[in-house]
Structure formats: C-alpha cells, structure tokens
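Below is one structure, written out as structure tokens; comments come after it.
Order of appearance sets the numbers: ligands from 1, and atoms from 1 within every ligand. No hydrogens, no waters, no symmetry mates; every other heavy atom, side chains included, goes into these values.
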Amino acid sequence: MRAPGESAIGEVLVSAEEVQRRVAELGEQISRDYAGRSLLLIGVLKGAVFFLSDLMRFIDIPVEVDFMAVASYGSATDSSGVVRILKDLDAAIEDRDVLIVEDIVDSGLTLQYLMRNLGSRNPRTLEVCALLTKPERRKVDLPTRYVGFEIPNRFVVGYGLDYAERHRNLPFVAVLER
Ligand code: IMP
Ligand code: MG
C-alpha cells in the first residue's frame, strides 16, 4: 500500500548475486588490462561509492581512489548537461592512468562533461567504468570501456542509485514504481 505521490520498489532488474558476480568480473578484467601499471579510480559521488568500494576489492594491481561531486542542473530524473563541480579531486591526475567510476550512464551528459574536464588535465589514459547503462536514453556518444549491465529505459534505484537520496542501500537494482 502506498499513498498518492509515494514511490515503491518494483521489479528487480539486477539481483544482488548478479551484481556481485559482474563486479568481480570487471575487477579481474581491469586488473588484467592495467597489469604492470597503477590505477587511479575516480568515483563520482554519491551513487558510485557502493560500486567503487566493491570493485576495488577485486582489483589486484596498485590502486588509488579519489572522488568528485557534481550537480547536474535539471529535474530529479533528467540531467541537462550543465554540470557544476561541488567537490573537485584532492590531487592532480597528470600522467596518471585514470578510470572514472560511475553508477549509471543515462543521457551521458554528466560523463561527457567529466571526460572533457578531466581530459584537459592531461592524464596518461582516461576511461570509464559504469555499473549500468541505458542505451535508449543516450544523447551523446561516449566511449564506455567497462559496463556492468545494459538496462531498459526505466528509472532504477539500489546499489548506490537513489531517488531523492533514498534506496541507495539496496543490494540489488530495481525499478522505482511511481
Ligand atoms: P546523465 O547525465 O543523464 O547520464 O545522468 C547521470 C546521472 O543521473 C547518474 O549519475 C545518476 O545520478 C542519475 N540517474 C540517471 N538515471 C538514473 C536512474 O535510473 N536512477 C537513479 N539515478 C539515475
Ligand atoms: Mg543521483
């Protein structure tokens, strides 16, 4: 039962077990691809924190972590592509192998901004690892080197993803019914 205007957790699109299995695979793949180097993971607050902390535990090359917080102007569910940096990185990334870790690529506008912004700081390499992607929603073409799961055009919550800051703690990814 829910009151009008309230939201509820609907269909589970990615179970907790599927998430954990895929995160392990991604960590192993990243470790192979960057073997012999050290990697800087950049987490985009807050949604990517959960994915990033699990992913890191499956990476067995030297790895460091830093965070950025950005706000995208727009409605609660649609980003505009106009991005403001709320928290910048602690350290320079020049000549580093950098991997941006994101919860989800939706329109791609936030990531496009981040790729340009971080790219201008002259990292050695710059790639993206996203847990989820919604190909149907993409507005800009982006090279996403690592992707966990492709999902349909539904608004989802869980495993870091929120609606009005709630539901990040769910261990699975589910559709939000409104
Ligand atoms: P984009 O700029 O449109 O790609 O939006 C990226 C950001 O929007 C993500 O980092 C999320 O914070 C948020 N977002 C996009 N789709 C969803 C969703 O289905 N659930 C929760 N947050 C989402
Ligand atoms: Mg969000």
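When non-hydrogen atoms are compared, ligand 1 lies under 4.0 Å from the backbone of Asp162 (N, CA, C, O) but not from its side chain. At a heavy-atom cutoff of 4.0 Å, ligand 1 is contacted by no atom of Arg137, backbone or side chain.
Ligand-side atoms of ligand 1 in range of Arg154: 19 (O), range being under 4.0 angstrom from any heavy atom. Interface atoms of ligand 1 facing Glu102, defined by a heavy-atom separation under 4.0 Å, are 10 (O). Counting atoms of ligand 1 from 1 in the listed order, those under 4.0 Å from a heavy atom of Asp103 are 9 (C), 10 (O), 11 (C), 12 (O). Within the listing of ligand 1, atoms 1 (P), 2 (O), 5 (O), 6 (C) sit less than 4.0 angstrom from a heavy atom of Thr110. Near Val156, with a cut-off below 4.0 Å to any heavy atom, the atoms of ligand 1 are 18 (C), 19 (O), 20 (N), 21 (C).
Summarising the contacts of atom 15 (C) of ligand 1 with Asp106, Leu13, Val70, the nearest heavy atom is found in Asp106. Of all the listed residues (Ala48, Ser107, Gly158), Ser107 holds the heavy atom that lies closest to atom 1 (P) of ligand 1.
Shortest non-hydrogen contact noted between Leu86 and Ala71 is CD1-CB, 3.9 Å. Closest non-hydrogen pair, Ile30 versus Cys129, comes out as CD1-SG, 4.2 Å.
The environment of CZ in Arg121 is crowded: more than 12 heavy-atom neighbours from other residues, nucleotides or ligands sit within 6.0 Å.
Side chains of Asp54 and Tyr159: a donor on one and an acceptor on the other come within 3.5 Å. Residues Thr133 and Arg138 bring a donor and an acceptor atom of their side chains to less than 3.5 Å of each other. Using a 3.5 Å distance cut-off with no hydrogens or angles, the side chains of Ser15 and Glu18 do pair a donor with an acceptor.
Ligand 1 lies less than 4.0 angstrom from a heavy atom belonging to Lys134. Heavy-atom distances between Leu161 and ligand 1 reach below 4.0 Å in at least one pair. The closest approach between Gly108 and ligand 1 falls below 4.0 Å for a heavy atom of the residue.
Under a cutoff of 6.0 Å and an axis angle of 45°, Arg178 and Tyr163 form a cation-pi pair.
Applying the salt bridge (charged side-chain N to carboxylate O under 4.0 Å, His left out) test to pairs two or more places apart or on separate chains, those with a residue in residues 40-49 are Lys46-Glu165.
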